[in-house]
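Protein chains get the first letters and strands the later ones, always in sequence-line order, with residue 1 at the start of each.
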Protein chains: 2
Amino acid sequence: MLELRLVQGSLLKKVLEAIKELVTDANFDCSSSGVSLQAMDSSHVALVALLLRYDGFEHFRCDRNRSMGMNINNVSKLLRCAANDDIITLKADDDSDTITFMFESPKQDKIADFEMKLMDIQNDHLGIPEAEYQAIVKMPSLEFARICKDLSSIGDTVVISVTKEGIKFSTRGDIGSANIVCRQNTTVDKPEDSTTIEMKEPVSLTFALRYMNSFTKATPLSSTVTISMSSDLPVVVEYKIAEMGYIRFYLAPKIEDDDEGYILEEKSFSFLLTQVWSFAR
Amino acid sequence: MLELRLVQGSLLKKVLEAIKELVTDANFDCSSSGVSLQAMDSSHVALVALLLRYDGFEHFRCDRNRSMGMNINNVSKLLRCAANDDIITLKADDDSDTITFMFESPKQDKIADFEMKLMDIQNDHLGIPEAEYQAIVKMPSLEFARICKDLSSIGDTVVISVTKEGIKFSTRGDIGSANIVCRQNTTVDKPEDSTTIEMKEPVSLTFALRYMNSFTKATPLSSTVTISMSSDLPVVVEYKIAEMGYIRFYLAPKIEDDDEGYILEEKSFSFLLTQVWSFAR
DNA sequence: CCGAATGTCA
DNA sequence: TGACATTCGG
């Protein structure tokens, strides 16, 4: 028996809005410690990792570990049928190949339940090593989203460079080039408006803006975002989910070919894992 | 001479928005008692009945009964030229084959008039018998609209079942099934937020969601909607128009074929009228 | 959190 | 051209 009750149902709605652009099908892995999900985008360049800890739910029961495959678009459709202030409960019997989404209005005068078939999804679960990052930047998530959106109207890729002074986003396209620098500022009224930089060494990496813009769909989940970078490692873009966990996006950097001097396509993620993360371990 | 003056012109705008998706051409029947309209949708499955009583107008003059055929889309186009706070006056000479729409701004500093040709429309006016309904549910119109919209992302048809406990909307589609139950609740702050059920006998009928969603275009006309059902009778979905009348939508239920066990297409409305309403009389 | 307006897709 | 979805503003 699986039974998860989440009073703040809007959280789950936001989580699905955050990942549905990137992921088509994914396994929701449920255990006594919570719910997690790990999935690559269709081109295997970006990876999403979601964690919702058991203690973030008002009620959490998971008798046995289960990996429940779902079509993300269908889950998203169902969750759109929930109001933002609905209480959401997920239920699945141990031997069932369906899951039930239950939406209760705050006054309990409307109760909706949706039953959805589960799918078998081949699990290409990657062990993500805990890496040491040369630079970790925390900044307002809205600002980051705005920057990625703005830059993508100029170019396709962004060079993110971190120095002690700040984080710089640069792009270049047909109509010209752009640089946006955010300085470290901790002397701000609210902590969520501050930009902080923890840096061991300056880093500069290049990414496809298309993916960055997909990541920013998670903006409603958190007022801040954390960007962790090391040379040749995938960047980690993390949105904390209050009291529950996080959603992390990993994106392989575009590698500059030394001989040719131009930028190669992204390495596929699994390639990067074996080739790059191997020496990071 | 026909002359109708309506200070709250937005009402007329909303009425046309409510019916234009369903009806292409219709006769506006004017008599000393008011304006009424009855029209079927193109597939003859749904019927719209509108009543605007004479005393809801600030000025009402109708010297002789007239049935004025109009293309609903064209009327809608004209009315979009009126601001929401405009005063609307309709005028037609007795021997004229045109009607004039006049829009006055509240301060009388702008006056627009539009003349439109009337059409001859063959009148298949149906006498709608007053029926006794097994169940009458009043609920917030927004909630009803939301439910119909949500369910139509899952399936094509809805089963509406009324019991003493509440009204249940169910559907089923490729990705799964859904049930939404609204309990009777009269203990709510505002009467327009309450859901009330008058039931003589439990009823359960199946309808095409496509039409239900068209009906909910009338939501701006009233904060509540009334759903009246009896076995094998068309459902009546009614939106009251404050101080003036109503707009009612009738929809034939889909009939389950006992022999075959599957759901037939909707009966055409005229068929239903003769076959089903005949014994209701 | 809801309603309106805009932009996109069919 | 109309309907739907998404986005912005109150």
Please enumerate all protein N or O atoms sitting under 3.5 Å from an N or O of nucleotides 4-9 of chain C, with distances to 0.1 Å.
none

*Rounded to whole angstroms, how far apart are CG on A/Asp85 and P on C/dC1?*
6 Å
*Quickly work out the A/Lys13 NZ to C/dC2 P distance and round it to whole Å.*
10 Å
*Going by the side chain to side chain donor-acceptor pair (under 3.5 Å) test, which pairs reach into residues 213-222 of chain B, not counting sequence neighbours?*
B/Glu21-B/Ser214, B/Ser152-B/Asn213
_Steps toward side chain to side chain donor-acceptor pair (under 3.5 Å) verdict (B/Thr226, B/Tyr246)_ = CA-CA 11 Å; B/Thr226 305; B/Tyr246 57 75; over 6 Å; no
*For B/Asp29, all residues meeting side chain to side chain contact (heavy atoms under 4.5 Å, CB included), sequence neighbours excluded*: B/Asn27, B/Ser36, B/Ser67, B/Asn123, B/His125
*asked:* Suppose the criterion is salt bridge (Lys or Arg N to Asp or Glu O under 4.0 Å): which pairs have a residue in residues 137-149 of chain A, not counting sequence neighbours?
replied: A/Arg146-A/Asp150
*Any salt bridge (Lys or Arg N to Asp or Glu O under 4.0 Å) pairs touching residues 9-19 of chain B, not counting sequence neighbours?*
B/Glu17-B/Arg80
*Which of these, B/Asn73, B/Asn71, B/Asn74, sits in a side-chain hydrogen bond (donor to acceptor under 3.5 Å, both in side chains) with B/Asp25?*
B/Asn71
*What class does the angle between the rings of A/Tyr54 and A/Phe60 fall in, given that below 30° is parallel, 30 to 60° is tilted and above 60° is perpendicular?*
perpendicular
*Would you call the rings of B/Phe103 and B/Phe114 parallel, tilted or perpendicular, where under 30° means parallel and over 60° means perpendicular?*
tilted
*Using a cut-off of 4.0 Å on non-hydrogen atoms, how would the nucleic acid contact of B/Asn73 be classed: base, sugar-phosphate, or nothing?*
sugar-phosphate
Write down the protein N/O and nucleotide N/O pairs, taken from nucleotides 3-10 of chain D, whose separation is under 3.5 Å; answer none if there are no such pairs.
from  : atom 1 : to      : atom 2 : distance (Å)
D/dT6 : OP1    : A/Arg80 : NH1    : 3.0
D/dT6 : OP1    : A/Arg80 : NH2    : 3.0
D/dT6 : OP2    : A/Arg80 : NH1    : 2.4

